[in-house]
*Asks:* 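Structure in structure tokens, see below.
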Amino acid sequence: MKSHELKIYNSLTRQKEIFKPLQEGHIGLYVCGPTVYNNVHLGNCRTFVNFDLIYRYLLHLGYKVRYVRNITDAGHLVGDVDEGAEDKIGRMARLEQIEPMEIVQRYTLDFKDKMQKLNTLAPSIEPTATGHIVEQIEMVQEILDKGFAYERNGSVYFKTVEFAQKYPYYGQLSGKKLEDLLETTRELNKQDEKDHPADFALWVKAPKEHLMRWNSPWGEGFPGWHLECSVMSTKYLGEKFDIHGGGMDLQFPHHENEIAQNVGCCGVAPVQYWMHANMLNMNGQKMSKSLGNSVEPDELFNGTNKLLSKAYSPMIVRFLFLQSHYRSVSDLSDSALLAAEKGYRRLMEANRNLEALHAGGSSSGEHDKHIRHLIKEAFAHMDDDFNAPRALASLFELATEINKMKSGDIDLKHISGDTMESLKNTYHAFIFDIFGLKDETHGGGGNGEAGVVDGLMDLVIALRAKARDNKDWGTSDQIRDTLQKLQIQLKDGKDGTSWTRQ
RNA sequence: GGUCGGUUGGCCGAGUGGCUUAGGCACUGGUCUGCAAAACCAGGUACAGCGGUUCGAAUCCGCUACCGACCUCCA
């Protein structure tokens, strides 16, 4: 365990707090995952990359983390329960005339594919709502037993108002007052069977045409959307656990209701630190199909969208996400992606330059001190509510130092071996372990071909060097131009030629 | 309408009371180079508007304008 003082912004208290796990050295982390009724939304990707960063940093600090991220494959409705709401997955299944579980399978695979491309670590557990119907029914029963729910025509609703009167919790997370909620909620319409508009469904009676249905003590139905997270976090992380995350838009009502369910069932507030990741815009506006500024992850990776001038690899997208803080709105645009690509390449280049450097002397001068300071600073920024953009800025300042060492502007004699080693460790840890980036500017595209490509390139570069020694510019340029067409760029420097993929 | 958040230089994006030159991209100058590209080094521009608190505010308070989120099960 590293001795860091980690601060986390807690949505519940609206301030940064020093992080203390419930159990020394262990962390329970729950993140609300996707509803698999469609290709994963790019904004959703940002949220999961942000929590991947958080997960990775906690691991880096030496914590044992149990990271649970659910997959919602039932219960998430389109429209309003009272007006013939339809399950999102059931709806897609009906439209495409296939089984709901085919929808679930298709989009779960899509989701995992994108998560893998973005180099996120797999969670420890990825439970599904349909895999926990029994547990959900049990929790509904417990809440009924505690008196915080009522059955009505085969559905079960949570008594929000009574709950709010007994416990001080309701509205705390989202900063809402129940009176305001009641005031602004629509008039009760005649079909509404709930006692209060703020009551929400724990179990919903399935209409005749509803595809996804299970038996329960209250008849055939399906679980309310908020319930699965309460059930699965409790089952895998306990009644109280450390961190619960999700997108900002889940804060209300999803997370607020989740707390109510947990407290109503178990009598304790479930979460120590609530964390919410902010939204992703496209060209300054919310990404939406109606605005015509929607971009799918695949379109981004393939460059098949009108709003983009070219394809951007997943690592560039990940880098872009790292450049803004998780609690800030981030704006995606073609120019932002182009800028991210350049920045990403500069960072990777600096890292390769660093790897080729060898530790210098014993004396330590001004630059040695500066480098040590920047290293310390980079970690301090991560400790301050996972401030990746600031940590990244420190790495870029170190990049300048690295490049100066390479060019000889900084004499390696004035850099101690310890500092050099610490610098290499820091760079490696940040880029690959914490930021979760991969160097796509070199190598053979996986499959263990990197070594072969490197060897071939060494050969080609050596042959070209020979031609250049003979002033055979024709051959030299032929090699350079042919490689360029293969997206490989040769870079003639003072101390030989290097190359990168474009 | 209610609640909450935001408005930083050409663009993106950090920063919450006094030096942060934040950083990235773009731009300009230079270095390197057979030519070129790339790379590297160096440099400038900002804190929505008005008023207040303070010795001192991008940072705190108030008002105005604009943008956004949630409230209506899009992360």
Side-chain angles (χ1 to χ4, degrees), chain A residues 14 31-35 38 40-48 50-51 75-81 85 88 171 174-177 179-181 183-186 198 200-201 224-226 245-254 256-257 276-281 284-289 294 319-320 323-325 327-333 335-347 349-350 353 377 381 387-397 399-400 402-404 406-407 409 468 471-473 476-477 480-481 484 489-495 497-500 502:
Chain A
R14 282 152 220 279
V31 173
C32 285
T35 301
N38 218 330
V40 63
H41 190 282
L42 197 54
N44 217 329
C45 291
R46 182 191 179 209
T47 299
F48 298 132
N50 277 143
F51 282 105
H76 199 161
L77 303 180
V78 186
D80 196 309
V81 183
K88 285 190 169 181
S174 55
K176 294 187 184 303
K177 291 188 182 112
E179 307 89 74
D180 293 340
L181 286 173
E183 224 169 79
T184 55
T185 308
R186 280 159 304 155
F200 58 91
W225 173 43
H226 314 301
M248 205 78 110
D249 53 346
L250 294 180
Q251 200 164 2
F252 188 88
H254 185 58
E256 197 70 77
N257 290 351
H276 290 96
N278 217 321
M279 304 290 104
L280 179 71
N281 286 344
Q285 283 180 305
K286 176 176 166 171
M287 227 186 258
S288 82
K289 290 202 175 117
S294 192
F319 182 88
L320 178 81
Q323 278 186 304
S324 58
H325 190 251
R327 280 193 288 119
S328 299
V329 175
S330 172
D331 192 38
L332 191 75
S333 66
S335 59
L337 284 159
L338 281 169
E341 179 171 29
K342 292 280 182 62
Y344 165 75
R345 296 180 76 87
R346 177 170 155 83
L347 187 66
E349 184 93 20
N353 289 341
E377 213 178 57
H381 288 140
N387 198 328
R390 291 212 72 173
L392 192 56
S394 299
L395 293 197
F396 274 114
E397 290 187 65
T400 301
I402 289 166
N403 292 330
K404 279 182 181 168
K406 189 198 174 200
S407 69
D409 284 347
R468 297 179 79 210
K471 302 213 186 294
D472 179 1
W473 308 126
S476 168
D477 290 351
R480 183 216 289 164
D481 297 344
Q484 187 67 57
Q489 180 169 47
L490 291 185
K491 301 194 284 195
D492 295 323
K494 199 167 187 179
D495 41 350
T497 301
S498 63
W499 62 279
T500 62
Q502 287 183 315

*Asks:* Any N or O donor-acceptor pair under 3.5 Å from the base of B:G34 to the side chain of A:Ser476?
*Replies:*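 Yes, a donor-acceptor pair under 3.5 Å.
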
*Asks:* Please report the distance separating the P of B:C12 from the corresponding atom of B:G68, rounded so that it comes out in whole Å.
*Replies:*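 Per the computed distance, 15 Å lies between those P atoms.
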
*Asks:* Is there side-chain contact between A:Asn278 and A:Arg46, with at least one heavy-atom pair below 4.5 Å?
*Replies:*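 When only atoms from C-beta onward are counted, A:Arg46 and A:Asn278 do touch, with a gap below 4.5 Å.
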
*Asks:* Give one of base, sugar-phosphate or nothing for A:His325, where a contact means two heavy atoms less than 4.0 Å apart.
*Replies:*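 A:His325: backbone/sugar contact only, no base atoms under 4.0 Å.
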
*Asks:* Would you call A:Lys491 and A:Glu349 a salt bridge, taking side-chain N to carboxylate O under 4.0 Å as the test?
*Replies:*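 Salt bridge flag = yes for A:Glu349 with A:Lys491.
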
*Asks:* What are the two closest heavy atoms between A:Thr47 and A:Ala277, and how far apart are they?
*Replies:*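 Of all heavy-atom pairs spanning A:Thr47 and A:Ala277, the closest is CG2-CB, 4.0 Å.
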
*Asks:* Less than 4.5 Å apart, any side-chain heavy atom of A:Met279 and any of A:Lys286?
*Replies:*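 Contact flag for A:Met279/A:Lys286 side chains = no.
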
*Asks:* Please state how far atom CZ in A:Arg14 lies from atom C1' in B:C4, giving the value in whole angstrom units.
*Replies:*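 So the two atoms are 7 Å apart, to the nearest Å.
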
*Asks:* Applying a 4.0 Å non-hydrogen cut-off, can you work out what A:Leu280 is touching in the nucleic acid: base, sugar-phosphate, or nothing?
*Replies:*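 Contact class for A:Leu280: base.
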
*Asks:* Closest-nucleotide mapping onto RNA chain B: is A:Ser333 or A:Asp409 further toward the 5' terminus? I mean the 5' end.
*Replies:*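 With A:Ser333 and A:Asp409 compared, the 5'-side residue is A:Ser333.
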
*Asks:* Between B:C47 and B:U53, how far is it from one P atom to the other, in whole Å?
*Replies:*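 Per the computed distance, 22 Å lies between those P atoms.
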
*Asks:* Look at A:Asn387 and B:A14 and indicate whether a side-chain polar atom (N or O) is within less than 4.0 Å of OP1 or OP2.
*Replies:*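 For B:A14, neither OP1 nor OP2 has a side-chain N or O of A:Asn387 closer than 4.0 Å.
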
*Asks:* Taking atom C1' in both B:A14 and B:A46, what distance in whole Å separates the two?
*Replies:*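 Result for the C1' pair: 13 Å, nearest Å.
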
*Asks:* Within the 4.5 Å heavy-atom criterion, are A:Phe319 and A:Leu392 side-chain neighbours or not?
*Replies:*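 The answer is yes; the side chains approach within 4.5 Å.
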
*Asks:* Compare the minimum distances between each of B:G13, B:A39, B:A36 and the side chain of A:Arg480, then state the nucleotide with the smallest one.
*Replies:*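 Nucleotide nearest to A:Arg480's side chain: B:A36.
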
*Asks:* Could you write nucleotides 19-29 of chain B as a row of B, S and -, 5' to 3', where a protein heavy atom under 4.0 Å of any base atom gives B, of only sugar-phosphate atoms gives S, and otherwise -?
*Replies:* ---BSSSS---

*Asks:* Write down the distance separating the P atoms in B:A69 and B:A75, rounded off to the nearest Å.
*Replies:*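 B:A69 and B:A75 have their P atoms separated by 14 Å.
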
*Asks:* Check whether A:Glu256 reaches the backbone of A:Gly171 with its side chain - one donor and one acceptor, N or O, closer than 3.5 Å.
*Replies:*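 Such a contact is found between A:Glu256 side chain and A:Gly171 backbone.
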
*Asks:* A:His381 versus A:Glu377: any side-chain heavy-atom pair under 4.5 Å?
*Replies:*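 Yes; the side chains approach each other to less than 4.5 Å.
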
*Asks:* Could you tell me how far apart A:Gln251 (CD) and B:C71 (P) are, to the nearest whole angstrom?
*Replies:*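 After rounding, the reported distance stands at 11 Å.
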
*Asks:* Between B:C27 and B:G9, how far apart are the C1' atoms? Round to whole Å, please.
*Replies:*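 Those two atoms are separated by 12 Å.
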
*Asks:* What's the gap between B:C41 and B:G24 when it is taken at their P atoms, as a whole Å value?
*Replies:*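 Here B:C41 and B:G24 have their P atoms 9 Å from each other.
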
*Asks:* Regarding A:Ser324, tell me which of base, sugar-phosphate or nothing describes its non-hydrogen contacts under 4.0 Å with the strands shown.
*Replies:*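 Sugar-phosphate only.
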
*Asks:* Rounded to whole angstroms, how far apart are CG on A:Asn281 and P on B:U7?
*Replies:*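 The answer, rounded to whole Å, is 14 Å.
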
*Asks:* Describe the nucleic acid contact of A:Asp477 in one word from base, sugar-phosphate, nothing, applying a heavy-atom distance below 4.0 Å.
*Replies:*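 Since a base atom lies under 4.0 Å of A:Asp477, the category is base.
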
*Asks:* Hey, are the side chains of A:Thr400 and A:Arg346 touching, using non-hydrogen atoms and a 4.5 Å cut-off?
*Replies:*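 Answer yes - side chains close enough.
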
*Asks:* Taking only side-chain N and O atoms of A:Ser328, does any of them lie within less than 4.0 angstrom of OP1 or OP2 on B:A14?
*Replies:*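 For A:Ser328, the contact criterion (side-chain N or O under 4.0 Å from OP1 or OP2 of B:A14) is met.
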
*Asks:* Below 4.0 angstrom from OP1 or OP2 of B:U33, is there any side-chain N or O of A:Lys491?
*Replies:*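 No, A:Lys491 has no side-chain N/O under 4.0 Å of OP1/OP2 on B:U33.
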
*Asks:* B:C41, OP1 or OP2 - any side-chain N/O from A:Asn403 closer than 4.0 Å?
*Replies:*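 Answer yes for this pair, as a side-chain N or O of A:Asn403 is under 4.0 Å from OP1 or OP2.
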
*Asks:* Roughly, in whole Å, what's the span from NZ in A:Lys406 to P in B:C32?
*Replies:*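 Distance check: A:Lys406 NZ to B:C32 P gives 15 Å.
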
*Asks:* Check whether the side chain of A:Lys286 and the base of B:C74 form a donor-acceptor pair under 3.5 Å.
*Replies:*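 Under the 3.5 Å cut-off, the side chain and the base do form a donor-acceptor pair.
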
*Asks:* B:C32 and B:A26: how far apart are their P atoms, nearest whole angstrom?
*Replies:*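 Going atom to atom, P in each nucleotide, I get 22 Å.
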
*Asks:* Select from A:Asp331 and A:Asn353 the residue whose nearest nucleotide in RNA chain B is closer to the 5' end of that strand.
*Replies:*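 Mapping each residue to its closest nucleotide by heavy atoms, the 5'-most match is A:Asp331.
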
*Asks:* Quick one: closest heavy-atom pair of A:Gly246 and A:Leu250, and the distance?
*Replies:*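 Looking at all heavy atoms of both residues, the closest pair is CA-CD1, 4.5 Å.
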
*Asks:* Indicate, with a heavy-atom threshold strictly under 4.0 Å, whether A:Ser174 touches base, sugar-phosphate, or nothing.
*Replies:*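 Counting heavy atoms under 4.0 Å across all strands, no contact is made by A:Ser174.
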
*Asks:* Report yes if a donor N or O on one partner sits less than 3.5 Å from an acceptor N or O on the other, where the partners are the side chain of A:Asp492 and the base of B:A36; otherwise report no.
*Replies:*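 When only heavy-atom distances are counted, A:Asp492 does reach the base of B:A36 through a donor-acceptor pair under 3.5 Å.
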
*Asks:* Would you measure the distance from the P atom in B:A36 across to the matching atom in B:G29 and give it in whole Å?
*Replies:*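 Approximately 16 Å lies between the P atom of B:A36 and that of B:G29.
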
